[in-house]
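Worksheet: the structure to be examined is printed underneath.
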Amino acid sequence: MTCAKTPTTPTRPRVPRTLSRVLLVTAALLNAALAVLVAAPLPRISLLVLVAAAVTSWGLVLALPAALGLAAAMAGGRRHPWSAGFAALSAFAALVYGVMPYAAAHGTADDYGQPLDPAAYFEGVNYAKAPDGDRTRSYARTGKRRGKLDLWTLPKRDGVRHPAVVWVHGGGWNKGHRGQTPEWNRWFNERGWSVFDIDYRLAPRVTQLDQIGDVKCAVGWVRRHARVYGIDPDRLVLAGSSAGGNLALAAAYTEGDDRVPASCAVRDSSVSGVISLYGPTDMRRLIAGTALRRDPMIPRLMGGSAKKRGGVTVPARYRLGSPAKLVRTDVPPTLLLHGSADRAVPVAQARELARRLKTAGAPATYVELPWADHCFDVNWGGWGSQIARSAISRFLSVRGDGSAQGDGSAQGEDSTQGPVRGEATETDRHSPGKAPA
């Protein structure tokens with residue numbers, strides 16, 4: 001009798017139970033961490049804040065680990081129900097926080113007639129490690145230091161005067177450099193605006209009022225050399241981001257105020273408009289409400305404590321460096337751009353300035369960018385950056401008498417239109433005056 005060998009069905013190799021559980025838990029923790037970085041308040045730890053801002057600015061990338069986490073949860077659900085449930089829950093949270101900013105930004109973009117472009121989301125990083133030395137010129141000497149700027153000027157043409165932007169870099173008043181956001185300079189150039197990207201003395205060697213004086217000095221230099229570089233000094237806009245936005249606003253709002261003089265001899269440092277991207281507007285509240293209150297640099301930046309000491313009214317320095325305290329009816333037309341999720345400079349700072357500008361009847365536009373964190377424009381193709389470019393284009397089209405076009409904005413359109421808080425009537429020019437104490 002012959003015994004036939006019973007054929008066996010080949011079995012697929014299975015992932016060891018311990019390894020599959022580890023993979024599920026790892027996916028769950030990764031997605032949970034990403035969701036926390038986007039949505040939760042964080043301690044003021046430089047590296048953590050930097051990572052959180054990067055994850056928030058490129059939030060769409062959360063969709064990939066979220067999808068992998070959901071797939072892993074489905075595959076391992078029977079063998080490890082608890083671990084799979086944790087993985088699915090955290091993956092869903094990451095997916096929501098990756099997609100929700102787009103949904104929120106979509107409505108704001110539509111209000112500006114500028115549909116979001118998903119294909120442009122990964123256009124690149126708006127940051128340069130060092131200035132472009134070939135563009136550098138000196139605009140003043142203060143002590144042993146030369147104030148420098150980078151020229152992003154358009155070619156001179158007979159009979160043509162270009163509008164211009166003086167750009168003030170950010171960096172917490174104690175770091176940063178001119179030319180660190182080159183994509184803005186290129187973008188302004190493409191729309192017919194020359195750019196003077198300036199630096200200023202950094203804390204703790206100087207105070208905030210000294211820095212405001214440096215900005216005024218640079219503006220005065222640009223006005224004095226308008227003919228040399230083929231620009232129109234009557235169409236000169238001051239702009240900056242973060243600390244640079246604060247200095248730009250304060251310099252524009254204290255034009256003609258002898259308490260905040262230019263750091264060099266200038267005849268005129270007035271501008272026809274000012275733009276602030278996520279700039280602080282109330283120094284006392286910013287310092288009291290953030291980790292800056294523990295920063296040893298701050299008293300040196302501000303020239304002392306916010307409290308009165310020995311009859312010296314140090315708080316006057318805080319007011320003169322706080323644009324929200326400098327509002328007058330005749331301040332230059334202002335555009336404020338701020339992210340609703342800013343964890344470095346609370347969005348309440350921009351809202352308060354917008355409210356005061358509206359109350360004063362000053363020309364102003366406030367655009368709040370949903371889910372945008374501090375330095376949102378580092379992701380040049382991000383949702384916040386796309387909306388900001390559209391809002392700035394509209395603002396410039398008024399300041400430049402229609403010479404700035406692009407990003408779907410209508411030529412000559414009034415910049416108070418769109419999703420604005422603190423909206424006020426636009427005027428194109430202002431009269432310098434002394435800011436209130």
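The model shown is predicted, which means the values in this text are computed figures rather than measured ones. Heavy atoms only: backbone and side chains are in, while hydrogens, waters and symmetry mates are out.
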Report task. Check whether any side-chain N or O of Asn126 sits under 3.5 Å from a backbone N or O of Glu183 as a donor-acceptor pair, and report yes or no. Result -> yes

Requested in this report: Check the side chains of Thr181 and Trp167 for a donor-acceptor pair under 3.5 angstrom, ignoring hydrogens and angles.
Outcome: yes

Report task. Check the pair Thr153, His162 against side-chain contact (heavy atoms from CB on, under 4.5 Å), reporting the backbone distance first and the verdict last. Result -> CA-CA 9 Å; Thr153 50; His162 299 291; over 6 Å; no

Query raised in the report: With distance as the sole criterion, is a donor-acceptor pair present between the side chains of Asp342 and Gln349 under 3.5 Å?
Result: no

Query raised in the report: Looking at Trp152, is Arg186 sitting on its ring face, NZ or CZ under 6.0 Å from the six-membered ring centre and within 45 degrees of the normal?
Result: no

Query raised in the report: If every non-hydrogen atom of Leu353 is compared with every non-hydrogen atom of Ala324, which pair is closest and at what distance?
Result: CD1-CA, 3.7 Å

Query - Backbone N/O of Gly179 and side chain of Asp197: donor-acceptor pair under 3.5 Å - result: yes

Query - Heavy-atom side-chain contact between Asp210 and Arg205 under 4.5 Å - result: no

Query - Ser269 (side chain) donor-acceptor with Gly220 (main chain) under 3.5 angstrom - result: no

**Report entry** Inter-residue atom distance Leu202.CG - His177.NE2, 0.5 Å rounding
**Finding:** 10.5 Å

Requested in this report: Answer yes or no: is there a donor N or O on one side and an acceptor on the other, between the side chain of Tyr253 and the main chain of Arg328, under 3.5 Å?
Outcome: no

**Report entry** Side-chain ion pair, Arg145 and Asp199, N-O less than 4.0 Å
**Finding:** yes

Query - From Asp257 atom CG to Ile212 atom CD1, the distance as rounded to the nearest 0.5 Å - result: 10.0 Å

Report task. Check whether NZ of the Lys or CZ of the Arg Arg235 lies under 6.0 Å from the centre of the six-membered ring of Trp193 and within 45 degrees of that ring's axis. Result -> no

Query raised in the report: Counting distance only, does the side-chain N/O of Ser385 pair as donor-acceptor with the main-chain N or O of Asn379 below 3.5 Å?
Result: yes

Query raised in the report: Does the side chain of Glu368 pick up a donor-acceptor pair with the side chain of Ser340 at under 3.5 Å?
Result: no

Query raised in the report: Counting only N and O atoms by type, is there a donor-acceptor contact under 3.5 Å from the side chain of Glu255 to the main-chain atoms of Val271?
Result: no

Requested in this report: Identify which one of Thr365, Leu396, Thr334 satisfies the side chain to side chain contact (heavy atoms under 4.5 Å, CB included) criterion when paired with Ile275.
Outcome: Leu396

Requested in this report: Looking only at non-hydrogen atoms, find the nearest pair between Trp173 and Gln208 and report the distance.
Outcome: NE1-NE2, 4.1 Å

Query raised in the report: Quick one: are Leu116 and Ile387 in side-chain contact, heavy atoms under 4.5 Å?
Result: yes

Query raised in the report: Is the backbone N or O of Thr254 less than 3.5 Å from a side-chain atom of Lys216, with the two atoms forming a donor-acceptor pair by type?
Result: yes

Requested in this report: Given side-chain contact (heavy atoms from CB on, under 4.5 Å), test Asp295 with Leu301 step by step and report yes or no.
Outcome: CA-CA 10 Å; Asp295 190 333; Leu301 171 71; over 6 Å; no

Requested in this report: Ignoring hydrogens and angles, tell me if any N or O in the side chain of Arg201 forms a donor-acceptor pair with the backbone of Asp214 under 3.5 Å.
Outcome: no

Report summary line: Closest non-hydrogen contact found for Ala104 with Trp371 is CB-CD1, 3.6 Å

Query raised in the report: Can you find a heavy atom in the side chain of Arg285 that is under 4.5 Å from one in the side chain of Tyr318?
Result: no

Requested in this report: Looking only at non-hydrogen atoms, find the nearest pair between Gly171 and Asn174 and report the distance.
Outcome: O-OD1, 3.2 Å

Query raised in the report: What about the rings of His338 and Tyr366, do their centers lie closer together than 6.0 Å?
Result: no

Query raised in the report: Taking all non-hydrogen atoms of both residues, which atom of Val168 and which atom of Leu238 are closest, and how far apart?
Result: CG2-CD1, 3.9 Å

Query raised in the report: Looking at CG of Asp134 and CG of Leu151, how far apart are the two atoms once the value is rounded to the nearest 0.5 Å?
Result: 11.5 Å

Requested in this report: State whether the side chain of Ser272 and the backbone N or O of Leu236 hold a donor-acceptor pair below 3.5 Å, judged by distance alone.
Outcome: yes

Query raised in the report: So do Val206 and Tyr200 actually touch side chain to side chain, heavy atoms under 4.5 Å?
Result: no

Report summary line: When rounded to the nearest 0.5 Å, the distance separating CZ of Arg227 from CZ of Arg161 is 5.0 Å

Query raised in the report: Just checking, any donor-acceptor pair under 3.5 angstrom between side chains of Thr108 and Asp111?
Result: no

Query - Note, Ile287 side chain near Met302 side chain (heavy atom, < 4.5 Å) - result: yes

Report task. State, yes or no, whether a side-chain contact exists between Tyr229 and Phe196 at a heavy-atom distance under 4.5 Å. Result -> yes

Query - side-chain contact (heavy atoms from CB on, under 4.5 Å) assessment of Val331 paired with Leu326 - result: CA-CA 9 Å; Val331 296; Leu326 303 170; over 6 Å; no

Query raised in the report: Between Thr136 and Arg178, does any side-chain donor sit less than 3.5 Å from a side-chain acceptor?
Result: yes

Query raised in the report: CG/Leu247 to CD1/Ile198 distance, rounded to the nearest 0.5 angstrom?
Result: 8.5 Å

Report summary line: Output for pair (Asp150 CG, Asp132 CG), nearest 0.5 Å, gives 6.5 Å

Query raised in the report: Between Tyr121 and Trp383, what is the ring plane arrangement, given parallel below 30°, perpendicular above 60°, and tilted in between?
Result: tilted

Report task. Quick one: closest heavy-atom pair of Phe376 and Ala388, and the distance? Result -> CE1-CB, 3.9 Å

Query raised in the report: Can you list the steps and then say if Glu352 with Asp282 is a side-chain contact (heavy atoms from CB on, under 4.5 Å)?
Result: CA-CA 9 Å; Glu352 177 63 13; Asp282 188 326; 5.5 Å; no

Query raised in the report: Does the side chain of Ser276 reach to within under 4.5 Å of the side chain of Leu336, using non-hydrogen atoms?
Result: yes

Report task. Determine yes or no for a side-chain-to-main-chain donor-acceptor pair under 3.5 angstrom, with Arg137 supplying the side chain and Leu149 the backbone. Result -> no

Query raised in the report: Side chains of Ser242 and His374: does their closest heavy-atom pair fall under 4.5 Å?
Result: yes

